[in-house]
Engineer: 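One structure, pasted below without further comment.
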Amino acid sequence: MAGGPSSIGGELFTPKNIGLGLATVAIGFVAGWVWPQPTRLTFLYVGQGDCAVFQHDGTTILIDSGPWNPKSDAGERVIVPKLRQMGVSGIDLILLSHPDMDHIGGTGSVLKAYPNAIIAASACFRDNKQLLKQLTKWGRRPSDIKWLGPELKGTVGTFNLRIDCPQTDPDEETNDGSMLVRIDDGAASAVFSGDAPSKVEEAFGGAEDWHAEIMKAGHHGSRSATSEDWIQAVHPEYAVLSCGLNNEYHHPHPTVVNRLKSDGVKICRTDLEGDIRFEIAGRRFERVKP
Ligand SMILES: [Zn+2]
């Protein structure tokens, strides 16, 4: 709860100008004294999938919720216990990059633990059968979801939040509709691109400012993403590759790892290192031990 004494005592916080209906949602804090927490970005090791947790100014945003299969639910197994360890008492927003199970699978368990979380997804996936089926499983209706248009701009504390949702045909590959997210406060910054392939990176790369200290490498380090042009557009200090140890897809692809290395980008791999955490030190994100 950054913001110190003024935000203590059950005060309500409404994201300023978060747009597209989110502004109407008041976000509640737990009453009582809470020490100010650092601004943190944590990539949880959820196996073969993605889940990033952004904590800033008393707000917690999840970007994706890890994988689910009948034998393993990353939400129950990893995300909820880790969030509790991290002292997260409420989730304000869950951004679902696209409806593949390695990105949305843990949502049900997360919602059980944090029922007030708002879920947002690209409006392109409003009719996606898999997402609709999962919503029912989670006890949510399509009208409970914030369906995002092509571009959303907002703020979370001192951070700008920009979300671009590629406009894809529902019959196309779901990866092509992966939302692109950039957070920045003028110094600390990060970019997420779900499983967006290079053609999406190319379509958006020149159109906006994507420069960021931290890049979540697209599609778990698959060679379908993280093109040289995209690396140049983001120009990151760190790239986070989120994938399962010895995964069946052989992510990350050596071409991508070598491309990042030769561009001088520091590589962080969840499969080899577990959770990857950054905190603001000075003004910029620095890697810290989780
Ligand atoms: Zn994926």
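Read the numbers this way: they start at 1 and go in the same order the structure lists the ligands and their atoms. Only a predicted model underlies this, so the values are computations on that prediction, with no experimental measurement involved. Index from 1, following the sequence.
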Engineer: Taking C-beta and beyond as the side chain, do P67 and V46 meet within less than 4.5 Å on heavy atoms?
Structural biologist: yes

Engineer: Is there an N/O/S atom in H220 that lies less than 2.8 Å from the Zn ion (ligand 1)?
Structural biologist: yes

Engineer: Both conditions, 6.0 Å and 45 degrees, for the charged tip of K137 above the ring of W68: are they met here?
Structural biologist: yes

Engineer: Measure from the Zn ion (ligand 1) to every N/O/S atom of D195 and report the name of the nearest one.
Structural biologist: OD2

Engineer: Hey, are R77 and S72 close enough side-chain-wise for a donor-acceptor pair under 3.5 Å?
Structural biologist: yes

Engineer: Answer yes or no as to whether an N/O/S atom of D100 is found below 2.8 Å from the Zn ion (ligand 1).
Structural biologist: no

Engineer: Closer than 4.0 angstrom, basic N to acidic O: yes or no for D263 and K261?
Structural biologist: no

Engineer: For a distance under 2.8 Å, tell me if H103 has an N/O/S atom near the Zn ion (ligand 1).
Structural biologist: yes

Engineer: Salt-bridged, K199 to E173, with N to O below 4.0 Å?
Structural biologist: no

Engineer: Near the Zn ion (ligand 1), is there an N/O/S atom from D50 that is less than 2.8 Å away?
Structural biologist: no

Engineer: With the Zn ion (ligand 1) as the point of reference, which N/O/S atom of D102 is the closest?
Structural biologist: OD2

